[in-house]
Amino acid sequence: MTDSPSTLEWRADVRDVLVVGADLAGAGPGDLLIRDGLFADPADARPDAHRVDARGLVALPGLVDLHTHLREPGREDAETVATGTVAAARGGFTAVLAMANTSPVTDTAEAAEHLLALALGGSVAAAQVVPVGAVSKGLAGEELAELGLMARSAARTRVFSDDGRCVADARLMRRALEYVRAFDGVVAQHAQDPRLAGPDACCHEGEVSGRLGLPGWPAVAEAGIVARDVGLAELTRSRLHVCHVSTAETVDVLRWAKQRGVAVTAEVTPHHLLLTVDELLGYDPTYKVNPPLRRAEDVAALREALADGTIDVVATDHAPHARHDKEHAFVDAASGMVGLETALGVVVETMVRPGALGWREVATRMSSGPAHIARLAEQGRPLVVGEPANLVLVDPERRTTVDRDASASLSRNNPWHGRDLPDPVVATWWRGRATYGR
Ligand SMILES: [Zn+2]
């Protein structure tokens with residue numbers, strides 16, 4: 001991006017932007033004035049304000065992704081803060097939580113502050129980058145990382161996760177939950193019992209895994225860990241977040257946990273809302289992801305849970321990989337898919353068009369909900385005067401055939417390539433700065 005993220009610099013040369021006639025997150029049409037990084041009263045617009053005709057479009061607060069892999073530092077061949085946040089802006093996101101499994105791992109205050117400095121320096125970031133701290137040193141699952149120091153650092157870390165790996169040791173998980181409670185943090189668990197679904201597990205365990213001869217990843221390996229962690233969250237009166245829920249069994253556990261009043265939240269990825277294990281029949285490693293694609297009945301249960309709030313938010317698990325890591329035989333290929341640019345399109349296709357979610361609920365599931373889980377004060381705010389101007393304009397009718405080569409991401413492991421999908425994002429502003437527009 002050529003715009004500078006420095007508040008003082010962009011204030012000097014950006015005129016007022018007056019967005020006219022957009023449906024304000026399902027509340028009906030209205031105008032928005034963007035001035036000095038905030039929403040101001042549209043009646044105060046200067047005559048030379050830049051007018052954006054948004055009739056027929058929907059205005060949502062900037063989207064927040066709780067689960068992004070930016071790959072920097074360490075794997076800048078797959079993604080960087082710069083490319084990943086441009087992809088985020090194109091997807092309508094104004095903030096991304098950057099997972100800790102980089103090289104080095106974000107397991108110290110210095111590492112968290114280093115990532116923050118990368119994002120703030122040199123005009124590189126097109127969205128707010130929020131470091132996620134590791135739960136355990138080096139993601140090794142043995143000793144707690146510097147949770148308190150990360151929380152007190154300039155990064156103000158509130159979300160902690162060993163994502164990519166499960167915090168399998170129940171005692172370590174208990175201690176992490178106890179620790180983060182002191183500063184209102186949350187432990188985000190990648191639920192995968194390593195004794196039931198080890199590093200080789202790459203296909204939902206069932207008829208397809210048997211037919212293809214691929215190592216199975218049974219549903220109970222997820223639901224079992226989530227049930228245990230719900231018990232630990234209840235015991236410690238602390239906050240648990242469940243990453244990328246993929247099975248109907250886990251949805252049942254979450255429903256039970258919420259009925260008990262346990263402080264548990266959960267996310268679902270766009271790919272688990274639409275794709276099934278049948279995609280694996282061609283052995284295409286593009287569809288290798290962890291947790292794996294599941295059965296059609298899981299997809300239906302996940303959509304129902306997202307609609308009724310049992311699953312709180314959508315998160316992308318954007319996981320870029322360089323070609324040489326992905327282009328292998330299925331069992332040897334890296335796990336993961338890119339997803340920032342297509343996330344809202346998949347949500348429109350699977351939830352909005354069928355009538356399962358309205359725009360108000362989309363704003364909750366993709367903006368205010370994730371911002372609240374991560375305790376981000378300036379994201380997910382309502383579209384009213386005085387709030388930070390984090391905004392995405394959406395065209396509900398627009399569609400496209402996804403082209404992986406048109407992506408801003410450095411990686412091409414795109415499961416939607418060649419598919420006809422909604423292409424809703426028209427423009428994005430982060431703190432009043434245009435980060436994407438067409
Ligand atoms: Zn994960």
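Computed from a prediction, not measured in an experiment: that's the story for all the values here. In listed order, ligands and their atoms are each counted from 1.
Between V313 and the options M366, H372, H241, a side-chain contact (heavy atoms from CB on, under 4.5 Å) holds for only H241.
Counting only protein N, O or S atoms, the number found under 2.8 Å from the Zn ion (ligand 1) is 3.
Relative orientation of the H244 and H67 rings is tilted, given thresholds of 30° and 60° on the angle between their planes.
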Side-chain polar contacts of residues 129-140 - donor-acceptor pairs under 3.5 angstrom, sequence neighbours left out - could you list them?
from: S136; atom 1: OG; to: A140; atom 2: N; distance (Å): 3.2
from: S136; atom 1: OG; to: G141; atom 2: N; distance (Å): 2.8
from: S136; atom 1: OG; to: D162; atom 2: OD2; distance (Å): 2.6
from: K137; atom 1: NZ; to: E143; atom 2: OE2; distance (Å): 3.2

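With respect to the salt-bridge test (charged N to carboxylate O, under 4.0 angstrom), the residues E178 and R174 qualify.
Residues W359 and V394 share a closest heavy-atom pair of CH2-CG1, 3.7 Å.
Listed for the K326 side chain is a donor-acceptor partner under 3.5 Å among the backbone atoms of A334.
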